[in-house]
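Written out below as structure tokens is the structure these notes cover.
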Protein chains: 2
Amino acid sequence: MAQIEPKTAPNSRIVAKDRRRQQLIKATINCIAKRGIAGTTMADVTQDADLSLGIVNLHFQSKDKLFEETLLYLSDEYETFCANALKKAGHTAAEKLTALAELDFSPKVCDRKKLAVWFAFWGEAKSRPTYLQICAENDRKYNDVVAKLCEDLVVDGGYTDIRPQAFAIGLAALTNGLWLDLLMTPNEINRNMARDISFDYLAVIFPNHFNKSNRREN
Amino acid sequence: MAQIEPKTAPNSRIVAKDRRRQQLIKATINCIAKRGIAGTTMADVTQDADLSLGIVNLHFQSKDKLFEETLLYLSDEYETFCANALKKAGHTAAEKLTALAELDFSPKVCDRKKLAVWFAFWGEAKSRPTYLQICAENDRKYNDVVAKLCEDLVVDGGYTDIRPQAFAIGLAALTNGLWLDLLMTPNEINRNMARDISFDYLAVIFPNHFNKSNRREN
DNA sequence: GAATAATGAATGAGCATTCATTCATTATTC
DNA sequence: GAATAATGAATGAATGCTCATTCATTATTC
């Protein structure tokens, strides 16, 4: 006889499940920032989340999957931040590029906890194809966006000798490198200094669109 | 009664010991590149070195110490490379800066195995004060050298609006970021492209001393 | 033959994962 | 709509495996 109903879970349960998963992912971010990937145990994560030991395996099957989902969560979050920043920004390429650069040194992206987790994953990526693939995809997306904006600036500003792909790679590299400095030597550099260095880079490459900052905030 | 002799080990033994330690450190580099920090075990390292399981504890006391010594080994090696590059280079600041930038994208510094190990340590540094301290010290040394060279260029080229400290931080950041790209997306960027991006950066900042490359090697 | 280096089986701590059980929520029946 | 059944989320003690470290033994060097 036919099944009476396809029987889908009630909405409230689905929402609760998602909340739980996110709660565990946030605990994982805390733990990786505090103890590193090598040092975080299931007990650490579940304690940070104020839940019981078995809960991760219930929601993510394994520690590996939890970590993978954490990396995906961070990737999605960053992508959303970018999309929102671009939406809010003015319609010119220069305004959009400014918005992205500001975002990269804003507190919601550029705090030591999150940076630590990014670098923890990057540090393991060479030996973890799954991480590598996710990170490569993140790179590609960011580069495509920036390269497009660069093309517009080149047309608009009449620049010669600028290769958009190379520029995009360079800007992303500079940003990542500055993040590393913020992570390693927070006493010698802060978000504002890093942002200024980034904008100075834009200014020397696109002098018709950006000015050297000369800001010296602390 | 007096000790018969201060009893120093014969020279050949000291040398042998050092060789063994270096052999184990090199095996550690191989393993971290292949399996990551979280994934390398004592068994992995000793097998890679074709030695017995207990040998690391004999020579380094613990796994932690082995890893720390590995980071110190890489740091010393890089410092030596820099010193040699500076010695070989011509006497002008521009030549010295060129030598350093070439070094950073030369095969002996910039191969994926070593880069993977650097990033593995950077990724764990936030949660490991010892790593953090060593890395911060590396940063400081490099920045001091580059900032000094920048000061000379500023005087020589009559540049205004260049802050040597900020420039040094920016150059190091760009290099580290390009290394990350080489590690993550080796199909989309190679050493030569990375070097060109780096030299283009020098060219836009010190136009009287460096030319835009326009090289497009593969 | 003393001193030192190297081996690898044995040990046990630490940890991911399992699963029987409890508990709260949702569905069904009368 | 009260009573009962079914679902599935959550717990945490128990399990068993992985791995760093130890150390008695063997090999090598001086």
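Naming: A, B, ... by sequence-line order, numbering from 1 per chain. What you see is a predicted model; the values in this text were computed from it and never measured. Excluded from the calculations below are hydrogen atoms, water molecules and symmetry mates; all remaining heavy atoms, backbone and side chain alike, are included.
- With a cut-off of 3.5 Å on both Watson-Crick or G-U wobble distances, the partner of D:dC19 is given as C:dG12.
- Computed from coordinates, the B:Asn57 CG to D:dT22 P distance equals 6 Å when rounded to whole Å.
- Look at CE on A:Met42: it is 16 Å from P on D:dG12, rounded to the nearest Å.
- Heavy atoms of other residues, nucleotides or ligands lying less than 6.0 angstrom from NZ of A:Lys34 number 12 at most.
- To the nearest angstrom, C1' of D:dT21 lies 14 Å from CD1 of B:Ile55.
- Listed for the A:Lys63 side chain is a donor-acceptor partner under 3.5 Å among the backbone atoms of A:Thr40.
- The nearest whole Å value for the distance from the CD atom in A:Gln61 to the C1' atom in C:dT17 is 12 Å.
- In this structure, B:Arg19 places its CZ atom 14 Å from C1' of D:dT29, rounding to the nearest Å.
- Here D:dA9 presents its P atom at 13 Å from CG of A:Leu24, a figure rounded to the nearest Å.
- Side-chain atoms of B:Trp179 never come within 3.5 Å of backbone atoms of B:Phe119 as a donor-acceptor pair (strictly under, hydrogens ignored).
- Phosphate contact (OP1/OP2 of D:dA9, side-chain N/O of A:Lys17, threshold under 4.0 Å): present.
- Distance A:Lys63 NZ to C:dG14 C1': 11 Å, rounded to the nearest Å.
- Base pairing analysis places D:dA27 opposite C:dT4; the two distances defining the Watson-Crick or G-U wobble pair are each below 3.5 Å.
- For A:Arg20, a side-chain nitrogen or oxygen approaches OP1 or OP2 of D:dA10 to under 4.0 Å.
- Between A:Tyr131 and A:Phe121, the angle of the ring planes goes over 60°, which puts this pair in the perpendicular group of the 30/60° scheme.
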